[in-house]
Amino acid sequence: MNHPGTPNLYDTSKHVKDGGLTFRARFGVERNGVNLLAEGSFGRGSEIKDGYPEFSDKVLKKLGWWNDLTPEEQGAAEGRNWKTDLSGGIQRVAIKHGCSPFGNAKARAMVWTFPDPVPIHREPLYTSRRDLVAKYPTYEDRKSFWRLPTRYQSIQAIDFSKDYPIILTSGRLVEYEGGGDESRSNRWLAELQQEMFVEIHPRDANNAGIKDGDDVWVEGAEAAKVKVKAMVTRRVDSGVAFMPFHFGGHFQGKDLREKYPEGADPYVLGEAANTAFTYGYDSVTQMQESKCSLCRITKA
Amino acid sequence: MIQYLIDGPLWYFSLAVFFIGVVWQLIAVVFTGNKADLSVPRDSAASGAIKTFFSRFVPHREIAPAIMLPVVAGYMFHLGLFALLFFAAPHVVFLEENLLGFGWTPMPHWAFIVAAQFAFFGLIVLWLRRLVNPVSRLISTLDDHIAAILTFVVMLTGCFALLEGSTGLRLLHRFTVELWLIYFPFSALMHTFTFVPSRMLTGAWFGRRGVDA
Amino acid sequence: MLSLVLTLAFGLQLSSADASNIPPQKPNVPDGVSALNPGSDLWREVRRRDGVGEFNEVNQGVLVKDLLSEIQRSRQVPQGISQVNQVDSGVMINAKGRRWAAFRMTTLASYSGIALAAIFVIIITFYVVRGKVPIEGGLSGNMVKRFTDYERITHWTLAVVFLLLAITGLILLLGRPLLIPLFGKEAFALLASASKEGHNLFGPLFLVSLIMMLISFARRNIYEKGDLTWLLKGGGLIGKGHASGGFFNMGEKTWYWMVILIGLVISISGLILVSPNFGQGRLIMELMHIVHAVSAMILIVVSVGHMYLGSIGSEGALEGMKTGYVDINWADAHHDRWGKHCHEEDLIVSAEEYARMQGQPADSAEPAMEQGK
Amino acid sequence: MAQMKFYCDAERCIECNACVTACKNEHEIPWGVNRRRVVTIKDGEQGERSLSVACMHCADAPCATVCPVDCFYTTGDGIVLHDKDICIGCGYCFYACPFGAPQFPEQAAFASRGKMDKCTFCAGGPEEDHSSNEYKKYGRNRLSEGKLPLCAEMCSTHALLAGDADVLSDIYRKRVINRGASAFEWGVNQLKS
């Protein structure tokens with residue numbers, strides 16, 4: 001079919017075969033009496049000038065396009081939809097008629113199965129902005145979240161920002177990837193990032209009496225401590241500290257290099273950033289909170 | 001051609017001269033023998049020998065202040081040279097590949113340089129003392145001077161070849177070492193080995209007489 | 001200290017006012033529009049921080065004051081950062097290096113060469129004109145002890161190490177213009193590599209022997225009342241009369257303090273140059289190199305005079321350092337106050353006594369000039 | 001003949017150090033030696049810019065001026081190379097170089113630096129092309145294979161350009177023209193506008 005690819009996923013200005021596409025009718029055709037399919041919006045060159053569900057053999061038959069399939073495709077497509085028809089016939093025919101195989105629905109960020117059907121801001125559990133807690137409260141504690149008791153409200157209620165004033169976040173380095181064990185064993189990458197560090201704004205560093213390159217203790221709100229190098233920079237705002245999470249091999253200041261199997265220890269070891277992070281789980285995916293927490297930074 | 005010569009036959013020739021020469025000299029020392037001591041042995045010669053061997057490492061209390069300089073410079077030179085000879089990285093590698101087949105952990109580079117500085121300083125002071133002190137100047141033979149200067153040259157060419165970058169300087173150093181090995185058995189350098197029997201002989205001789213030498 | 005002053009004067013005199021700090025021009029844009037362009041502002045700042053005025057032949061002489069100010073400024077203006085953490089890896093452009101390079105190869109090398117040649121010419125003409133300064137009344141053969149063994153060992157150790165360092169240093173400095181045309185690059189590379197390793201290894205030995213020299217000779221080199229008159233009379237070299245001096249006359253004392261002080265400056269700057277592992281930046285190293293080279297040249301040039309005066313220049317001088325004994329007439333001539341002291345204390349050793357000490361058989365007691373084996 | 005130059009476009013460089021890593025990987029450069037480095041000025045502030053800095057192969061190279069053993073030579077393409085057999089590792093070229101290009105394997109006490117190593121514009125050195133000896137001392141000789149230096153090839157945003165000076169200036173002139181006032185706009189101080 002020589003399809004050029006779809007640079008923009010939602011682009012009704014181009015024919016589907018030239019890389020245009022519509023929103024997928026993923027959640028059925030109707031909910032609470034409201035039509036979920038598109039109304040009055042369709043791809044260029046689409047023979048159906050309105051919303052349409054995902055293509056399957058029944059849809060093709062109803063539309064009368066079933067005979068556009070070759071006999072073998074018909075055999076393969078019998079009783080299947082565009083995802084399970086291995087011959088790809090349903091997709092070919094849908095695109096031939098200018099339609100996108102997975103249907104044309106309203107672009108509605110309306111996930112009714114989520115606690116927040118439409119995403120709204122909820123203040124993180126460990127926050128220094130107590131004013132936002134009242135405005136954007138978090139969820140109630142849940143007795144059984146996939147059979148796991150998970151706390152939200154009860155933690156947010158406690159104000160940790162008195163002893164842990166600085167907001168702590170973590171993120172990536174371009175030199176390392178993932179947990180970093182593999183890329184920290186790469187001689188050339190390891191040389192570029194030899195030390196685990198925390199980025200502090202000059203004002204916070206000045207208040208804590210920290211110079212660039214000093215060893216500092218970053219103590220998370222749940223009293224876990226990591227010993228890292230201080231990098232005084234304006235990359236982070238005042239009151240915020242950033243830590244890369246590719247390092248490992250030290251634990252609360254102790255170098256555990258000898259625990260690595262013989263010859264398997266990477267060139268560079270460092271504290272794992274997540275040691276200093278705190279409790280908090282996503283209300284849907286249970287993904288742990290490693291982006292915003294509170295910490296206290298003192299000179300080591 | 002020169003490289004082949006220095007790295008090859010001349011090296012083995014100088015080793016041969018060295019080993020045969022030393023063994024020859026030591027045998028000569030042993031077989032010259034000395035007149036039997038007919039006196040009644042008052043004490044054991046062996047213990048005298050051992051005692052004297054170790055007591056001579058430290059200068060006598062009475063004359064210590066007078067010869068403190070040669071003793072200190074002597075130890076600086078000898079200890080620096082031995083540390084340098086046996087624990088310097090290039091030497092350890094050389095011994096491992098050419099002579100012994102096994103190696104050991106060398107000193108760090110800065111320690112190697114400091115040892116060399118001790119050795120050089122010690123040798124310069126020792127040799128100058130030999131020239132400056134009228135007594136030692138009188139009793140110094142040409143051989144003593146040659147031995148000192150040759151050792152100095154060997155060490156100097158070694159220092160010159162520190163960068164381990166050019167084969168020319170390495171060859172020069174190796175060539176001077178070969179000269180040193182060839183000259184060794186015929187010179188005062190033999191004291192490297194003969195000091196052991198000489199101290200023990202004297203020690204035994206006096207030990208047998210019950211004298212604390 | 002002395003040499004630092006000299007290098008300052010040396011540097012100052014050479015270079016004219018340096019136009020490196022161009023005031024930041026305000027972009028000529030009507031006031032209402034703010035067209036600050038961080039891009040060009042940034043490069044102007046980088047240029048000024050590391051920048052230098054237009055580099056041209058006129059101001060290629062290095063301004064030591066400029067280097068000093070550059071070192072402070074390099075601390076105020078924030079350096080760049082780099083993932084590569086090595087010495088000066090944060091400095092994007094270090095234009096001072098180019099000026100130092102030009103200074104070393106043109107000004108320093110040529111002036112050093114000229115100075116070295118000049119001192120030899122001066123000495124030779126002096127020798128031809130004045131010849132060996134004789135001792136009035138010739139040698140008496142009666143000797144008096146001037147230096148102990150330890151002092152002579154200290155002197156000669158310092159001398160040996162100094163000579164070795166001077167030769168290797170000059171090879172490194174003047175090797176390229178003078179020796180490469182003779183030996184060709186490969187051969188000279190061997191010589192230069194050997195000289196560099198030798199120079200670096202013997203450097204600290206110079207400091208050690210300098211300290212030994214300081215301890216054993218400092219007391220007798222403290223300036224006394226009579227020294228100024230010695231200077232005013234030109235030290236006996238120029239003009240007729242003889243200047244009086246104690247154990248060491250004023251000239252020898254000045255030379256001693258020159259060796260100690262300039263020697264210390266050379267040693268310290270040398271030690272800094274030889275240990276690049278303390279992370280000092282290039283500016284400091286360049287400054288240390290200038291101080292090291294200029295002071296060393298001063299010492300080398302003056303040392304040639306010392307060697308001449310101590311050996312060929314005046315009769316009987318070398319004996320003191322060679323054997324430790326000097327002729328009493330020599331002492332009276334050059335160091336009359338010390339000579340008088342020897343007469344009073346009766347420290348004089350007669351010729352026969354001296355010959356016996358040197359190990360000649362008693363009967364052949366000719367004057368003690370010839371001795372030893 | 002071409003006049004080989006590097007040019008790093010500060011508006012594009014994102015300090016990802018790919019050029020540094022590519023160079024080290026290609027020439028098997030030991031730890032501690034970085035022929036190329038990325039320097040960032042005003043990191044994290046308004047007007048932050050980065051540049052990839054290595055030997056710029058100057059026409060009148062200060063390193064060649066100051067070298068006590070004169071081990072530098074400039075090829076027909078204007079590439080400044082040096083002879084590692086002649087180099088004595090004294091470090092003067094490092095002091096003289098405006099860009100800090102000369103590197104030394106060790107920076108140990110007693111100035112034992114080892115032989116100087118520097119960016120060769122991927123043109124090897126005075127050894128026989130493609131010989132293992134050349135690779136051991138100077139690294140890959142890409143130019144004799146008709147390729148351009150790997151650092152420029154690896155640059156993800158084409159900030160680092162390497163090649164004939166005229167070609168580079170054409171490329172950069174087109175970029176400046178395309179940017180037109182936007183370089184100014186980018187440049188306009190957001191705080192005020």
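Chain letters run A, B, ... following the sequence lines, proteins first and then strands; every chain starts at 1.
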Which region of [X], side chain (C-beta onward) or backbone (N, CA, C, O), has a non-hydrogen atom less than 4.5 Å from a non-hydrogen atom of chain C, or is it both or neither?
X      : result
B/L162 : both
B/L156 : side chain
B/I124 : side chain

Exercise. Taking every heavy-atom pair that is under 4.5 Å apart, which of C/A189, C/S195, C/A187, C/A194 has the most such pairs with chain B?
Worked result: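 Heavy-atom pair counts peak at C/A194.
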Is the count of non-hydrogen atoms from other residues, nucleotides or ligands lying under 6.0 Å from [X] atom [atom1] greater than 12?
X      : atom1 : answer
B/F195 : CZ    : yes
C/W330 : CH2   : yes
B/Y4   : OH    : no
C/F147 : CZ    : yes
B/Y12  : OH    : no
B/F175 : CZ    : no
B/I63  : CD1   : yes

Could you report the tightest heavy-atom contact between [X] and [Y], atom names first, then the distance?
X      : Y      : value
C/D149 : B/N133 : OD2-ND2, 3.6 Å
B/F121 : C/S209 : CE1-CB, 4.3 Å
C/P204 : B/Q117 : CG-NE2, 3.2 Å
C/K322 : B/R137 : O-NH1, 4.4 Å
B/L163 : C/S193 : CD2-OG, 3.5 Å
C/G198 : B/C159 : CA-SG, 3.6 Å

Exercise. Between B/P134 and C/T323, is any pair of side-chain heavy atoms under 4.5 Å apart?
Worked result: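 They are not in side-chain contact.
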Distance in Å, [X] [atom1] paired with [Y] [atom2], rounded so as to fall on 0.5 Å steps:
X      : Y      : atom1 : atom2 : answer
C/E197 : B/T157 : CD    : OG1   : 13.0 Å
C/L191 : B/F160 : CG    : CZ    : 8.5 Å
C/L201 : B/M155 : CG    : CE    : 9.0 Å

Problem set entry | Among the listed options B/V132, B/L128, B/L172, the residue most often paired with chain C at heavy-atom distances under 4.5 Å |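 Top option by heavy-atom pairs under 4.5 Å: B/V132.
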Exercise. Side chain, backbone, both or neither: which part of C/N277 has an atom under 4.5 Å from a heavy atom of chain B?
Worked result: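 Contact with chain B is absent: no heavy atom of C/N277 under 4.5 Å.
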